[in-house]
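Report on the structure given below.
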Amino acid sequence: MKRNIALGIFLFFTNLLYAQNPNEAKMAFQLAEEKFVEKKYNEALNLLQKSELAFGRINPPIAYLRVIITDQLVLSVQDKDEAIEALDQLEKALQLYDQTSGLKELSEEKQMEVYRIKNDFGKRKEMIVAAYYQRHAILNKFRKMIYRLGQQFPSTETTVSDFMDSWKERNWEGPSFSKRSIDLVIKRGSSSFVDYLTTENQFALKDLETYGEGRDKVKIYYAIKLLNTKKYKTNYPKRMLSVAEICGFLGIDEESWIDFTTGSQPLIVLDKNHYKISTDLDPFFQMKNEYFFMAIYKYLYRDTRHECYFGIINGLKTAK
């Protein structure tokens with residue numbers, strides 16, 4: 001690559017006699033090549049554009065380098081939307097290359113590099129476009145799941161009283177929700193509730209946290225769901241949730257689970273102890289100023305009275 005760059009600079013210098021601003025054209029071109037070597041492709045393209053403006057027109061070295069930079073840009077991006085944009089840039093770079101006069105000034109090696117890129121372009125475009133639509137189909141499924149979970153669980157960012165009312169509307173198990181208990185939660189900034197679980201496949205509220213002592217605004221809550229009322233002799237052994245159990249809880253099929261948890265940009269992330277479901281990884285929710293977070297503990301909890309799984313939940317809300 002160093003040899004190619006050296007040849008590019010030499011050819012560029014031979015064209016400087018025709019430049020409107022030769023000094024700036026030369027420096028911008030050299031800096032563009034340096035940024036390319038550093039793999040800072042967008043910076044390199046911006047500098048190449050400055051070089052072209054200073055030169056007054058496109059010349060073979062500029063046309064060649066633009067193709068090579070955009071080709072590497074396509075290969076480097078992970079985001080499917082960015083890949084489509086980079087592909088459009090490469091297509092335009094190839095068109096400009098074909099429209100450039102004096103291409104014979106370039107070495108056969110450079111011309112062959114561009115020819116290979118042109119020859120593979122159709123196949124690459126087909127693959128990237130297919131991946132783009134596949135990614136968006138997965139995102140649409142993920143968004144539907146988020147909105148359904150957002151409706152299923154009480155939202156945060158409300159007063160403690162409104163949150164308690166929302167919990168009661170679902171006929172889920174919990175504390176008495178008296179004015180005294182609500183005032184106590186606000187005063188302390190958090191509260192833990194005794195275990196009310198008595199009904200299988202029922203949720204119960206375990207913990208509630210506000211934004212601080214004296215703050216009447218719910219930040220996050222902690223809920224558990226009873227799976228069965230089988231009696232266990234001890235609190236152990238605990239076991240991991242199966243994929244089928246998680247999918248049943250989330251209301252998705254196993255194919256969707258694979259889509260959400262695999263690939264270079266998984267939408268559900270597993271850390272040491274939790275499956276984390278968040279809108280942070282989808283710009284769609286950021287644009288709508290909406291937020292959802294749920295962390296499902298990956299182990300089933302067992303004690304002498306029941307078996308259940310539980311999660312920390314921050315319901316769907318509009319950011320303030």
Side-chain angles (χ1 to χ4, degrees), residues 143 145-227 229 235 241 249-251 268-269 271-282 284-303 305-320:
R143 291 161 187 167
M145 181 191 73
I146 291 293
Y147 279 120
R148 181 167 38 75
L149 291 172
Q151 290 294 319
Q152 181 181 353
F153 291 94
S155 177
T156 55
E157 300 295 307
T158 65
T159 65
V160 175
S161 178
D162 286 345
F163 175 85
M164 296 297 196
D165 288 342
S166 181
W167 190 272
K168 286 190 290 185
E169 287 171 4
R170 289 163 170 78
N171 295 315
W172 289 348
E173 298 176 0
S176 64
F177 306 115
S178 64
K179 184 178 185 305
R180 181 178 178 279
S181 64
I182 290 173
D183 290 341
L184 196 60
V185 172
I186 297 170
K187 180 180 178 180
R188 293 176 176 175
S190 64
S191 184
S192 296
F193 306 102
V194 296
D195 195 340
Y196 287 92
L197 281 174
T198 57
T199 309
E200 289 188 6
N201 293 315
Q202 178 70 280
F203 282 98
L205 186 63
K206 287 289 287 183
D207 293 281
L208 184 65
E209 182 182 333
T210 68
Y211 277 89
E213 294 180 4
R215 299 283 302 278
D216 187 12
K217 188 176 183 181
V218 176
K219 180 180 180 182
I220 202 165
Y221 60 97
Y222 178 81
I224 60 176
K225 182 178 183 180
L226 178 63
L227 294 184
T229 53
N235 292 356
L241 280 168
F249 171 71
L250 296 176
I268 297 178
V269 180
D271 66 9
K272 185 177 179 180
N273 291 311
H274 296 88
Y275 296 102
K276 293 185 176 181
I277 303 167
S278 170
T279 53
D280 288 346
L281 301 175
D282 187 351
F284 168 83
F285 291 102
Q286 296 170 21
M287 288 188 293
K288 297 193 71 174
N289 207 28
E290 292 177 329
Y291 178 78
F292 180 90
F293 173 81
M294 175 184 287
I296 304 172
Y297 191 53
K298 70 179 182 180
Y299 292 104
L300 278 171
Y301 171 76
R302 287 176 174 176
D303 64 17
R305 292 170 297 116
H306 56 229
E307 178 178 57
C308 63
Y309 56 76
F310 49 88
I312 302 167
I313 301 169
N314 199 335
L316 183 69
K317 63 180 185 290
T318 300
K320 301 298 183 183

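Given the structure is predicted, the values throughout are model-derived calculations rather than measurements.
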I need the minimum non-hydrogen distance between [X] and [Y], along with the two atoms involved.
X      : Y      : value
Ala223 : Trp167 : CB-CH2, 3.9 Å
Leu208 : Val185 : CD2-CG1, 4.0 Å
Ile146 : Ile277 : CD1-CG2, 3.8 Å
Asp271 : Lys298 : O-NZ, 4.4 Å
Met145 : Leu250 : CG-O, 3.9 Å

Quick one: list whatever passes side chain to side chain donor-acceptor pair (under 3.5 Å) with [X], sequence neighbours left out.
X      : answer
Asp280 : Ser278
Ser161 : none
Asp162 : Thr159

Which residues satisfy the side chain to side chain contact (heavy atoms under 4.5 Å, CB included) test with Arg170, sequence neighbours excluded? Pro154, Ser166, Trp172

List the residues meeting side chain to side chain contact (heavy atoms under 4.5 Å, CB included) with Asn171, not counting sequence neighbours, and say none if there are none. none

Could you pull out all residues at least two apart from Lys187 that satisfy salt bridge (Lys or Arg N to Asp or Glu O under 4.0 Å)? none

Please identify which of these residues, Glu157, Lys219, Lys217, meets the side chain to side chain donor-acceptor pair (under 3.5 Å) condition with Tyr211. Glu157

[atom2] on [Y] to [atom1] on [X], rounded to 0.5 Å:
X      : Y      : atom1 : atom2 : result
Leu241 : Tyr299 : CG    : OH    : 10.5 Å
Asp282 : Arg143 : CG    : CZ    : 4.0 Å
Ser190 : Ile220 : OG    : CD1   : 12.0 Å
Asp165 : Lys168 : CG    : NZ    : 5.0 Å
Lys206 : Ser191 : NZ    : OG    : 11.5 Å

Look only at the side chain of Thr279 and the backbone of Phe292, and say whether a donor-acceptor pair between them is shorter than 3.5 Å. yes

Can Thr210 and Asp216 be said to form a side-chain contact (heavy atoms from CB on, under 4.5 Å), step by step? CA-CA 7 Å; Thr210 68; Asp216 187 12; 6.0 Å; no

For the residue pair Tyr297 and His274, does the interplanar ring angle fall in the parallel (under 30°), tilted (30 to 60°) or perpendicular (over 60°) class? tilted

Parallel, tilted or perpendicular: which fits the ring planes of Phe153 and Phe249, with parallel below 30° and perpendicular above 60°? tilted

Residues Asp183, Arg180: salt bridge by 4.0 Å N-O rule: no

Apply salt bridge (charged side-chain N to carboxylate O under 4.0 Å, His left out) to residues Arg188 and Glu213 and explain how you reach the verdict. CA-CA 5 Å; Arg188 293 176 176 175; Glu213 294 180 4; over 6 Å; no

